[in-house]
Amino acid sequence: MKRNLAIIFFLLMSSFSSLAQVGGERIYEFLNLPSSARVTALGGEQIATGDAEADLSFHNPSLLSADMDQTISLNYVSYLADINYGYASYTKHFNKWGTWSAGIHYVNYGKFVGADEYGQITGNFKASEYALLISWAMQLSPKINIGASFKPIYSNLEKYNSFGLAMDFGVTYSSTDQLFKAALVAKNAGYQFIPYYGSEREPLPFEILVGMSQKLAHAPFRIAITYRHLQKFDLNYTSPLSISNRTETDQNLSDKKDSFGDKILKHMIMGLEFLPMKNVVLRTGYNFQRRQELKVDSKSSTVGFSWGFGIKISQFHINYSSARYHLAGASNHFSISTRLSDFNFK
């Protein structure tokens, strides 16, 4: 078993280590938008959280389990600038073939007014993107789960269309008492088969993540930490402006360099869950990179922080969260899920 895990780890790390694009350099970035209200509340990306919630497979397919059999999950997000997106899925477990999930992730950018190069109005147009997710997971041992997701992608931006394929791979370790989890995930490895009209093929938002969570045995708290972009250490943004063309303002904005500590922390997302009672959960999270890159120095406010809660009412799990991206606004996330097998239809 240890030998098999070593092989899996080696393949995940070596197959994609040459890819190191981060933020603003890739297509289909909507694949990284968190739909789950729970994950959003915990900072926007967590791959080793506990409990049987089917929409967690969007972040790590190896989190699928038999406990999610016949689960329907619906997620809706009111994002910034009238953008909305969401994710819906259905999960089914098969004794011999593992646990499978089928879902769709979409983003609707809204309506726009089109104009030509002379400023003449040409009409209205829409922009949207879609990804179909087919996910699978299997238990190799009482402590080890593996999983994968296959994601056909379609993007429609005015008259420009693109088609691509992406895959996720994950491995999750769970302790015997289920209080501790650790995971390794490679996300969005794939290829753009049909580029936008008149453009060249572009890289997908590939990344490698490692995460862990620990629920305290004698206190109602769970701590979750995820470390993103293992394939690239320095996430600092370099301005494309040449030194000779920069204004004094450009110099101040683009010449700031991250310290070694900042470079480490920009990869890290932290989340905390407080479970005061059986059917109620309170959550908060902190995204270091989001705060460092999107805060305004004169007023940092709560940029980078997120919060939310979850409740169970009858057979339904309902979650809400809000994440502060900028002083301009925050996103609002709503999730609801239920297991059809919990209902008596007779």
Side-chain angles (χ1 to χ4, degrees), residues 23 29-51 53-60 63 73-89 103 105-110 129 209 211 213 220-226 228 265-277 279-313 316-338:
E29 282 285 357
F30 79 101
L31 296 173
N32 287 324
L33 290 173
S35 296
S36 166
R38 180 185 181 187
V39 172
T40 299
L42 296 175
E45 186 68 271
Q46 295 295 343
I47 62 170
T49 49
D51 297 339
E53 294 190 19
D55 52 10
L56 297 179
S57 64
F58 179 84
H59 300 271
N60 176 5
L63 289 176
S73 178
L74 303 174
N75 302 267
Y76 174 78
V77 182
S78 175
Y79 203 48
L80 307 175
D82 295 326
I83 298 172
N84 62 80
Y85 68 91
Y87 175 66
S89 68
H105 179 55
Y106 78 93
V107 57
N108 176 18
Y109 297 107
E129 297 182 285
L209 310 90
S213 69
F221 292 97
R222 180 185 287 113
I223 301 170
I225 299 175
T226 288
R228 302 186 65 183
L265 291 176
K266 274 191 173 182
H267 294 265
M268 192 175 297
I269 299 174
M270 302 182 65
L272 175 67
E273 290 187 311
F274 173 53
L275 301 88
M277 57 188 69
N279 295 325
V280 177
V281 184
L282 304 178
R283 306 180 176 106
T284 186
Y286 181 65
N287 188 312
F288 288 89
Q289 183 184 20
R290 185 184 299 165
R291 182 169 180 83
Q292 291 301 313
E293 295 184 352
L294 297 180
K295 69 179 181 180
V296 176
D297 290 337
S298 60
K299 187 179 180 182
S300 299
S301 186
T302 57
V303 175
F305 287 90
S306 53
W307 65 275
F309 62 86
I311 57 175
K312 182 181 179 183
I313 301 177
F316 295 91
H317 294 266
I318 301 171
N319 292 281
Y320 168 80
S321 68
S322 178
R324 191 75 175 185
Y325 285 85
H326 192 269
L327 291 177
S331 61
N332 294 285
H333 300 243
F334 305 88
S335 299
I336 183 170
S337 64
T338 188

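We count residues from 1, following the sequence as given.
- Ring-plane geometry between Phe305 and Tyr286 is classed as tilted, the angle between the planes lying from 30 to 60 degrees on a 0 to 90 degree scale.
- Taking CD1 of Ile336 as the start and CZ of Phe334 as the end, the distance is 12.0 Å to the nearest 0.5 Å.
- Gln46 contributes atom CD, which lies 9.5 Å from atom NE2 of His59 (distance to the nearest 0.5 angstrom).
- Scanning for side-chain contact (heavy atoms from CB on, under 4.5 Å) contacts around Ala37 gives Asn319, Ser321, His333, Ser335, with sequence neighbours left out.
- Residues meeting the side-chain contact (heavy atoms from CB on, under 4.5 Å) test with Ser322, sequence neighbours left out: Trp307, Tyr320, Ala330, Asn332.
- Judged by distance alone, the side chain of Thr226 and the main-chain N or O of Gly211 form no donor-acceptor pair under 3.5 Å.
- Between Asn287 and Gly43, the shortest heavy-atom distance links the atoms ND2-O, 3.2 Å.
- Of the inter-residue distances, the one linking Ile223 atom CD1 with Leu42 atom CG reads 11.5 Å to the nearest 0.5 angstrom.
- Minimum heavy-atom separation, Ile269 to Glu45: CD1-CB, 3.6 Å.
- Between Thr49 and Leu56 the shortest side-chain heavy-atom distance falls below 4.5 Å.
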**Asked** Could you walk me through whether Arg38 and Glu53 pass the side-chain contact (heavy atoms from CB on, under 4.5 Å) check?
**Response** CA-CA 9 Å; Arg38 180 185 181 187; Glu53 294 190 19; 3.5 Å; yes

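- For Ile83, the side-chain contact (heavy atoms from CB on, under 4.5 Å) test picks out Tyr79, Val107, Tyr109, with sequence neighbours left out.
- Contact check for Met277 versus Asn279: no side-chain heavy atoms found under the 4.5 Å cut-off.
- Gly304 and Arg290 get closest at one heavy-atom pair: CA-CD, 4.1 Å.
- Remark: the backbone N or O of Ser306 is paired with a side-chain donor or acceptor of Thr284 at under 3.5 angstrom.
- The residue from Phe58, Tyr87, Tyr85 that alone fulfils the side-chain contact (heavy atoms from CB on, under 4.5 Å) condition with Pro34 is Tyr85.
- Across all non-hydrogen atoms, the minimal contact from Phe221 to Leu272 is CD2-CD1, 4.0 Å.
- For the pair Arg228 (side chain) and Leu209 (backbone), a donor-acceptor distance under 3.5 Å is absent.
- Atom CD1 of Ile318 and atom CG of Leu74 lie 11.5 Å apart (nearest 0.5 Å).
- Atom NE2 of residue His105 and atom OG of residue Ser89 lie 12.0 Å apart, to the nearest 0.5 angstrom.
- For the residue pair Ala48 and Ser213, the shortest heavy atom distance occurs at O-OG, 2.5 Å.
- The two residues Asn75 and Ser36 make their nearest non-hydrogen contact at OD1-CA, 3.6 Å.
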**Request:** Might you work through the side-chain contact (heavy atoms from CB on, under 4.5 Å) test for Phe309 and Val280, ending with a clear yes or no?
**Result:** CA-CA 7 Å; Phe309 62 86; Val280 177; 6.0 Å; no

